[in-house]
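This report concerns only the one structure given below.
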There are 2 protein chains.
Amino acid sequence: MAALQIVNDEGADALTLRYLAKQLSSGTATLYRHFESREDLIAQVVDRVFAEMESSMPGIDNLGWEMTCRMLANHMFKVLCHHRGVAPLLLQSVPKGPNAMIQRERSLALLLANGFSTPLAVRAYVTLARYVLGFAVQLSDRHDEDRDNAQITATFLKLDRAAFPATFAVIDEFPIPLEEEFSFGLELMIAGLSQIRKCDLNQ
Amino acid sequence: MAALQIVNDEGADALTLRYLAKQLSSGTATLYRHFESREDLIAQVVDRVFAEMESSMPGIDNLGWEMTCRMLANHMFKVLCHHRGVAPLLLQSVPKGPNAMIQRERSLALLLANGFSTPLAVRAYVTLARYVLGFAVQLSDRHDEDRDNAQITATFLKLDRAAFPATFAVIDEFPIPLEEEFSFGLELMIAGLSQIRKCDLNQ
DNA sequence: ACCTGAACACCGTTCAAGT
DNA sequence: ACCTGAACACCGTTCAAGT
């Protein structure tokens with residue numbers, strides 16, 4: 001799929017019908033034989049990524065619920081990182097393609113098999129999925145991370161030390177790699193889930 | 001600021017230089033007297049929102065660290081929801097405007113004042129900020145939420161019951177309002193932070 | 001000195017005309 | 001029946017020409 005290739009290599013914005021047509025030595029009008037609008041094209045690209053997310057999912061039976069949640073979220077994040085520009089394409093609408101359905105079914109089944117009640121399973125799944133996508137989006141839309149980090153550090157250093165004591169107190173910690181932020185937050189949520197599960201299982 | 005008005009009312013995509021020029025009874029070329037590119041215009045709009053985030057921040061001293069985190073995150077989320085289309089504009093680069101700096105300083109100071117160590121304060125701040133933005137983005141890019149929810153329910157109901165047992169098991173729970181997902185995940189992270197703080201304070 | 005119409009190189013989508 | 005060049009109404013940015 002040439003469209004996914006473009007999104008991977010040059011980002012979501014580079015996926016224009018004219019550019020795609022040129023890659024395929026075709027015209028824009030001809031593309032409309034394969035999809036009915038750019039939105040439809042994007043839905044097809046997105047579902048292709050869900051197919052890969054499903055097929056490359058490692059076996060995660062009998063690992064306990066914490067490890068199951070961790071691997072689910074990490075795997076989703078890894079696939080979205082691998083296909084750099086694709087995350088923003090997921091924002092427009094909730095994915096409704098066949099492979100998205102399969103991926104959701106598998107994830108929910110894993111949570112239920114690990115003892116989550118139905119209300120908690122849904123909430124855990126949707127919240128983790130949104131968490132993963134929220135981070136993936138912030139990763140893929142960053143066009144030049146190094147330049148951005150350099151700018152933010154420079155901006156910090158130009159601040160008045162007296163007026164920004166807290167910022168200067170933590171300045172040595174910046175920048176924290178986004179992957180580390182992702183893991184940090186994920187572990188927080190898993191720790192939080194373990195507390196909820198105590199109540200959930202007792203009721 | 002007419003640009004922010006456009007973003008609020010018609011979304012980030014509606015903020016084109018031509019449309020903005022028309023609203024101001026001007027030409028596109030004239031706009032370049034006030035900013036040097038569309039990116040620069042967006043940075044100005046974004047910083048305006050940070051100014052509002054800061055000025056409308058309720059006093060949150062002496063509420064304890066959990067309440068402080070909760071109010072910080074909720075307030076950021078509320079302001080981003082109020083200015084619907086603005087969240088996607090925050091994705092392109094880390095905000096570097098003066099009001100963004102002030103907002104960050106105040107947030108970090110609050111965490112430090114509540115007993116967070118510097119490494120934990122930074123991580124808690126950046127992760128919460130990314131969490132809030134990740135959700136806000138998924139809220140503002142949804143052009144027609146009701147239509148989308150109707151479509152997803154319809155898609156679920158067309159699935160084969162035997163092949164999608166987990167999906168059908170939880171179908172009554174859908175859709176969960178995004179605001180509820182946000183609160184659910186935020187409480188998970190706060191619960192997770194309370195566990196980390198135990199180790200953090202002991203060391 | 002300041003402003004701006006018009007141009008340039010793009011975009012998604014449509015459709016009449018060609019094979 | 002299938003394909004597609006050209007058109008339409010957009011976009012950000014630039015600059016020569018006007019005041």
Side-chain angles (χ1 to χ4, degrees), chain A residues 1-48 84-93 95-97 137 140-144 147-148 151, chain B residues 1-48 84-93 95-97 137 140-144 147-148 151:
Chain A
M1 192 172 219
L4 181 53
Q5 186 84 4
I6 293 173
V7 175
N8 288 343
D9 297 346
E10 313 180 54
D13 291 343
L15 180 57
T16 69
L17 298 194
R18 288 179 144 85
Y19 186 57
L20 177 59
K22 192 180 287 181
Q23 298 298 315
L24 298 170
S25 312
S26 176
T28 54
T30 314
L31 292 177
Y32 282 80
R33 307 235 131 245
H34 302 93
F35 41 80
E36 57 183 17
S37 67
R38 182 167 191 268
E39 194 182 356
D40 184 35
L41 164 67
I42 286 172
Q44 291 185 33
V45 171
V46 163
D47 206 57
R48 182 68 64 112
R84 269 300 173 122
V86 95
L89 303 179
L90 285 163
L91 291 179
Q92 314 273 336
S93 63
K96 286 175 276 287
V137 158
S140 26
D141 244 357
R142 184 87 67 258
H143 294 292
D144 189 340
R147 190 175 58 91
D148 207 50
Q151 283 179 2
Chain B
M1 192 175 220
L4 181 53
Q5 185 85 5
I6 293 174
V7 175
N8 288 344
D9 297 346
E10 313 181 55
D13 290 344
L15 181 56
T16 69
L17 298 195
R18 287 177 145 87
Y19 186 57
L20 177 58
K22 193 179 289 180
Q23 298 298 313
L24 298 169
S25 312
S26 174
T28 54
T30 313
L31 293 178
Y32 282 81
R33 306 236 131 243
H34 303 92
F35 41 80
E36 57 183 18
S37 65
R38 182 167 191 270
E39 195 182 354
D40 184 37
L41 164 67
I42 286 172
Q44 290 186 34
V45 171
V46 164
D47 206 57
R48 181 67 66 109
R84 269 300 173 121
V86 97
L89 302 179
L90 286 164
L91 291 179
Q92 315 274 336
S93 63
K96 287 175 276 288
V137 159
S140 27
D141 242 0
R142 184 88 65 262
H143 294 292
D144 188 341
R147 190 175 57 92
D148 207 51
Q151 282 179 2

task = Starting at atom CG of Leu31(B), determine the distance to atom P of dC2(C), rounded to an integer number of angstrom.
result = 17 Å

note = Ranking Ala29(B) and Leu15(B) by the position along DNA chain D of their nearest nucleotide, the one closer to 5' is Leu15(B)

ask   = For the pair made of CG in Leu17(A) and P in dC3(D), what is the distance, rounded to whole Å?
value = 17 Å

inquiry  = Quick check for you: to the nearest 0.5 Å, what is the distance between Lys96(A) atom NZ and Asp148(B) atom CG?
reply    = 3.5 Å

Value in whole Å for how far the C1' atom of dC2(C) lies from NE2 of His34(B) = 12 Å

query = Roughly how many Å is it from CD in Glu39(B) to P in dG12(D), rounded to a whole number?
reply = 13 Å

task = Please report, rounded to the nearest Å, how far the P atom of dC10(C) is from the NZ atom of Lys22(A).
result = 7 Å

Any-strand Watson-Crick or G-U partner of dC8(C), both distances under 3.5 Å = dG12(D)

message = Looking at Tyr32(B), I'd like to know whether one of its side-chain N or O atoms comes within less than 4.0 Å of OP1 or OP2 on dT13(D).
response = yes

query = Quick one: is dC3(C) close enough that its OP1 or OP2 comes under 4.0 Å of any side-chain N or O from Thr30(B)?
reply = no

task = Could you tell me whether Thr28(A) contacts a base, only the sugar-phosphate backbone, or nothing, with contacts defined as non-hydrogen atoms closer than 4.0 Å?
result = base

message = Is any side-chain heavy atom of Leu17(B) closer than 4.5 Å to one of Leu41(B)?
response = yes

ask   = Which one is paired to dG18(D), where only Watson-Crick or G-U wobble pairs with both distances under 3.5 angstrom count?
value = dC2(C)

ask   = For atom P, what is the distance between dC2(C) and dT13(D), given to the nearest Å?
value = 22 Å

query = Arg38(A) near the nucleic acid: base, sugar-phosphate alone, or nothing, with a heavy-atom cut-off under 4.0 Å?
reply = sugar-phosphate

query = What is the distance, rounded to the nearest whole Å, between atom CZ of Arg33(A) and atom P of dT13(C)?
reply = 16 Å

ask   = Are Gln44(B) and Met1(B) close enough that some pair of their side-chain heavy atoms sits under 4.5 Å apart?
value = yes

message = Quick check: closest heavy atoms across Ala2(B) and Leu20(B), and the distance to 0.1 Å?
response = CB-CD1, 4.0 Å

request  = For the residue pair Leu90(B) and Val137(B), establish whether any side-chain heavy-atom pair is separated by less than 4.5 Å.
outcome  = no

message = I need the CG-P distance between Leu24(A) and dC3(D), as an integer number of Å.
response = 13 Å

query = Can you check the Arg18(B) CZ to dC10(C) P distance for me, whole Å?
reply = 15 Å

